[in-house]
Protein chains: 2
Amino acid sequence: MAGQVQRQTGVALWRQIADRIRQAISAGAYDETGMVPPEMTLATQFGVNRHTVRSALAALAQEGIVRAVQGRGTLIERKERLNFPISKRTRFNSGIGEQARETRGLLLGHGEEAASDEVARWLKLAPGTKVIRLETVRKADGRPVSSATSWFPAARFAGMRDAYETTESITRAFAELGLSDYIRATTEITAAHAEAADLSALELTPGAIVLITKAMNTDLDGVPVQYSVTRFAADRVQFTIEN
Amino acid sequence: MAGQVQRQTGVALWRQIADRIRQAISAGAYDETGMVPPEMTLATQFGVNRHTVRSALAALAQEGIVRAVQGRGTLIERKERLNFPISKRTRFNSGIGEQARETRGLLLGHGEEAASDEVARWLKLAPGTKVIRLETVRKADGRPVSSATSWFPAARFAGMRDAYETTESITRAFAELGLSDYIRATTEITAAHAEAADLSALELTPGAIVLITKAMNTDLDGVPVQYSVTRFAADRVQFTIEN
DNA sequence: TATGGTTGTCTATATCAATAGACATTTAAA
DNA sequence: TTTAAATGTCTATTGATATAGACAACCATA
């Protein structure tokens, strides 16, 4: 964890330090002791006052990542970072595999609407064609990992909402509707600061980073079946592309 | 640009607003006028004081993204976002294609060293095997886009440093050393806040986001020839994965 | 039980971030 | 030339951020 923090940048020192410690925990530093270094050690490392480090640790405690115990130290409670393989066979649940004990997909909202220009372009439909929109949040071991808005051609996947709500999985919902297999055709990845909607949906703290994917799935004949914009909590995931 | 800014989060309002406006510019809002809305309009939109908006715009002006003209408004100077296709044939220069007039690859540092555990694992070498390390910064139209640290098996690519310095391109350097073609085998993508080294290498402002890729290239026989850790300025790039 | 190392709490002070208001300066258009 | 709209500059005030120091409370261990 070399490198000093930046002053007078509009980002408070305690937040920069919290981000760095969160990252270090996630990368497996401190695994030997299961504890964060003492506050005074961190303060010296970062070149700040001990109280500033305490603010950072308080924020991490608020997130449930660490827990301070008077007289002993600050214990690490959680450190996972899920890996998402991206390939022709990209799927959320099987991709996570054994990295989490339990995964859930929650339906936050839905609707049937006319395809916007963007959605129509990705799904290769005429603008204005009816599409079904699902707003979902996916969780691993109860912790939100991503929030997604997905669009499906309404004519072909009329029962998508019910199927998803029952199965909590896009793959299984497709199967119920007669599509046994599909292919990830395109994935675009960008990053941005979390917006207000992300903070609540993904249980993030402001200033956090979200990884944004725009993805299109096709059936085996190459016909688009789904377009999704998904927002991931960047400190909980990484993507792996295997060619 | 809906959604309010967050208070008391360790991220100053002016920085949140600067990030949002930068994003909006990059997304093509304001394209009709070529100008950012008036300060008072933005202040109302974000629910803050005009002076706070001015701080945000001053930061963007410092980055060269906007330029304020008294009496007229705040003009947009720059809005590009380069797209990087990631596939078996991922290459920096040809991937950028016609998105920039001129690309350069600058060698910042280099060395020959024993492979660390991580490097050895990716290059499938015994730990401690000699590898060549190159520190490079790649620019498009004079603007830094990414900084990379790359490792190559020293036994096979002894002249890598000279070849890169001459050609300013990994692909062309490989060609000079007798490797006419190679394949992108694996790419891992994560995101983080910019560190001190990023700020200077990529000419970023603190609080900015970097997209980090860890990539491994092989020759046509599947033998690893390069492992790279590359840090991209997130507001200047997006990745596209075509399967 | 005594000690060293750790987190918890309190006071005080200086600087940064944000708001508020007033007015100057510049530009474009009426 | 006048006016409206926009950015530029200044003063003042409040709250958040960061530093500094002192000491209390707690834990593990010698």
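Hydrogens, waters and symmetry mates play no part in the numbers below; they use all other heavy atoms, side chains included. Note that the structure is a prediction, hence the values are computed from the model and not measured. Each chain gets a letter, A, B and so on, in the order the sequences are listed, and its residues count up from 1.
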Item checked: Integer-rounded Å distance: D:dA6 P and B:Leu57 CG -> 14 Å
Checklist line | Euclidean distance, atom CG of residue A:Leu42 to atom C1' of D:dT19 [Å, nearest integer] | finding: 17 Å
Margin query: Applying the side-chain contact (heavy atoms from CB on, under 4.5 Å) criterion to B:Val53, which one of B:Val48, B:Thr44, B:Leu13 satisfies it?
Written below: B:Val48
Item checked: Closest non-hydrogen atom pair, B:Pro144 against B:Arg236 -> O-NH1, 2.6 Å
Notebook entry, point to check: Nearest-Å distance, CD (B:Glu39) to C1' (D:dT9)?
Noted result: 12 Å
Margin query: Under 4.0 Å from OP1 or OP2 of C:dT19: is there any side-chain N or O of B:Thr52 that close?
Written below: yes
Notebook entry, point to check: Which heavy-atom pair separates B:Leu202 from B:Ala233 by the least distance, and what is that distance?
Noted result: CD1-N, 3.9 Å
Next item on the list: Calculate the interatomic distance between B:Gln16 atom CD and C:dA18 atom C1'; express it in whole Å.
Entry: 13 Å
Next item on the list: Report, as a single string ordered 5' to 3', how protein heavy atoms within less than 4.0 Å touch nucleotides 20-30 of chain D: B base, S sugar-phosphate only, - not at all.
Entry: BB---BBBS--
Next item on the list: Give the rounded distance in Å between these two atoms: CG of B:Leu13 and C1' of D:dG15.
Entry: 12 Å
Next item on the list: Answer with base, sugar-phosphate or nothing: what part of the nucleic acid does A:Ser55 contact at a heavy-atom distance below 4.0 Å?
Entry: nothing
Item checked: Angle of first-five versus last-five pair axes in the helix from C:dT1-D:dA30 to C:dA30-D:dT1, to 10 degrees -> 20°
Notebook entry, point to check: What pairs with A:Tyr227 under side chain to side chain donor-acceptor pair (under 3.5 Å), at least two apart in sequence or on another chain?
Noted result: A:Glu118
Note to self: Going by salt bridge (Lys or Arg N to Asp or Glu O under 4.0 Å), name the residues that satisfy it together with B:Arg161, two or more places apart in sequence or in a different chain.
What the structure shows: B:Glu165
Next item on the list: Just jot down the side-chain contact (heavy atoms from CB on, under 4.5 Å) partners of B:Pro37, sequence neighbours excluded, or say none.
Entry: B:Tyr30, B:Thr41, B:Leu42
Check: Side chains of A:Arg15 and B:Val11: closer than 4.5 Å at any heavy-atom pair?
Finding: yes
Margin query: For a quick test of reading the model: is some side-chain N or O of A:Thr74 closer than 4.0 Å to OP1 or OP2 of C:dT6?
Written below: no
Notebook entry, point to check: So do A:Arg54 and A:Trp14 actually touch side chain to side chain, heavy atoms under 4.5 Å?
Noted result: no
Item checked: d(CZ, A:Arg54; P, C:dC10) in whole Å -> 11 Å
Next item on the list: Just grab all the side chain to side chain donor-acceptor pair (under 3.5 Å) pairs involving residues 119-130 of chain A, residues at least two apart or on different chains.
Entry: none
Next item on the list: May I have the distance from A:Arg15 (atom CZ) to D:dA18 (atom C1'), rounded to whole angstrom?
Entry: 16 Å
Next item on the list: Measure from CD1 on A:Ile17 to C1' on D:dT19 and round the result to the nearest Å.
Entry: 12 Å
